[in-house]
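Fair warning: this is a prediction, and the values are worked out from it, not measured in the lab. Numbers for residues simply follow the sequence, beginning at 1.
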Amino acid sequence: MIRTATPADVPVIHAMVRELAEYEKALDEARASEVQLREALFGERPAAFAHIAETDEGEVAGFALWFLNFSTWRGVHGIYLEDLYVRPSLRGGGYGKALLRELARICVERGYERLEWSVLDWNTPSINFYKSLGAKPQDEWTVYRLTDEALASLGA
């Protein structure tokens, strides 16, 4: 199940951000506090948005944290996925794909033409997963993007 995050989710989002940072070998760089996340997600002027993936039993499996970007070339907004994380014990259960599918659905519904993100070049499992969805690396950048048919297919 994928749902929009609520203020009550901030502690678990914060914990998963730290888990992700540890996985990416950069825990010392993860300095955001719960207070900062709460303000960014639910403050007077939210700068970011989040979705939660839950198991059938209501356990939080993962999250996607994203914000709007804008393409001057296409003349419309898109979504930039800042973090996608599924807890290791629950990987392979379709939660990551479900989170990406929800973001693709939002893009399609709102007329956004890009869903993009960055991935560490050593993260082969994630790279293979993204490619399996139709995402393509950008030339000279390590950014992945869903557009056109791949975005429509995932968001359908």
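By the rule that hydrophobic residues join a cluster once side-chain heavy atoms approach within less than 4.5 Å of another member, Y95 and V119 end up as members of separate clusters. Put simply, F63 and V12 are part of the same group of oily side chains (I, L, V, M, F, W, Y) that touch within less than 4.5 Å, one to the next. If you chain together hydrophobic residues whose side chains sit under 4.5 Å apart, I127 and L99 fall into the same group. When hydrophobic clusters are built by joining Ile, Leu, Val, Met, Phe, Trp and Tyr residues whose side-chain heavy atoms come closer than 4.5 Å, directly or via intermediates, L90 is not grouped with M1.
When all heavy atoms of I2 and A53 are compared, the closest pair comes out as CD1-CB, 3.5 Å. Contact between A30 and A21 at its shortest, heavy atoms only, is CB-CB, 3.5 Å. Contact detail for V108 and G155: the closest heavy-atom pair is CG2-CA, 4.4 Å. Nearest heavy atoms, R31 versus Q36: O-OE1, 3.7 Å. The minimum heavy-atom distance linking Y23 with W122 is given by the pair O-CH2, 3.5 Å.
M16 places a side-chain heavy atom less than 4.5 Å from the side chain of V60. At a threshold of 4.5 Å between non-hydrogen side-chain atoms, the residues C107 and L115 count as touching. Contact check for L68 versus Y112: side-chain heavy atoms found under the 4.5 Å cut-off. L37 places none of its side-chain heavy atoms less than 4.5 Å from the side chain of F42. By the 4.5 Å heavy-atom criterion applied to side chains, R38 and P7 are counted as neighbours. Side-chain atoms of L81 and L65, non-hydrogen and from C-beta on, never get closer than 4.5 Å to each other. The side-chain heavy atoms of L84 and Y130, taken from C-beta on, include a pair separated by under 4.5 Å. Taking 4.5 Å as the limit, every side-chain heavy atom of I79 sits out of range of all side-chain heavy atoms of N69.
Checking N123 against E24 by side-chain atom types alone, no donor-acceptor pair falls below 3.5 Å. Y80 and S118 share a side-chain donor-acceptor pair at under 3.5 Å.
One finds no salt bridge joining E22 and R18 here, because no Lys/Arg side-chain nitrogen approaches an Asp/Glu carboxylate oxygen to under 4.0 Å. Salt bridge status for D9 with R3: present, with a side-chain N to carboxylate O gap under 4.0 Å. We find that D148 and R74 are joined by a salt bridge, their nearest charged nitrogen and carboxylate oxygen being less than 4.0 Å apart.
Under the 3.5 Å distance criterion, the side-chain polar atoms of S132 are matched with a main-chain donor or acceptor of F129. With E113 contributing its side chain and G111 its backbone, the two residues share no donor-acceptor pair below 3.5 Å. Here the side chain of H14 pairs a donor or acceptor atom with the backbone of A32 at under 3.5 angstrom. Using modelled atom types, one side-chain atom of R91 and one backbone atom of V86 make a donor-acceptor pair closer than 3.5 Å. Side-chain N or O atoms of R105 include none that pairs as donor or acceptor with a backbone N or O of A156 at under 3.5 Å.
Taking the six-membered ring where tryptophan is involved, the planes of H51 and W66 are essentially parallel, since the angle between them stays under 30° and well short of 60°.
T147 OG1 to E116 CD: the interatomic distance, rounded to the nearest 0.5 Å, is 10.0 Å.
The six-membered or imidazole ring of W117 lies away from that of Y85, with a centre-to-centre distance of 6.0 Å or more.
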Step-by-step side chain to side chain contact (heavy atoms under 4.5 Å, CB included) determination, D83 to I13: CA-CA 10 Å; D83 287 331; I13 292 170; over 6 Å; no
Test side chain to side chain contact (heavy atoms under 4.5 Å, CB included) applied to K97 and L133, step by step: CA-CA 8 Å; K97 185 174 183 177; L133 299 175; 3.8 Å; yes
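Around CD of E109, the count of heavy atoms belonging to other residues, nucleotides or ligands within 6.0 Å exceeds 12. In the displayed structure, W73 atom CH2 is contacted under 6.0 Å by at most 12 heavy atoms of other residues, nucleotides or ligands.
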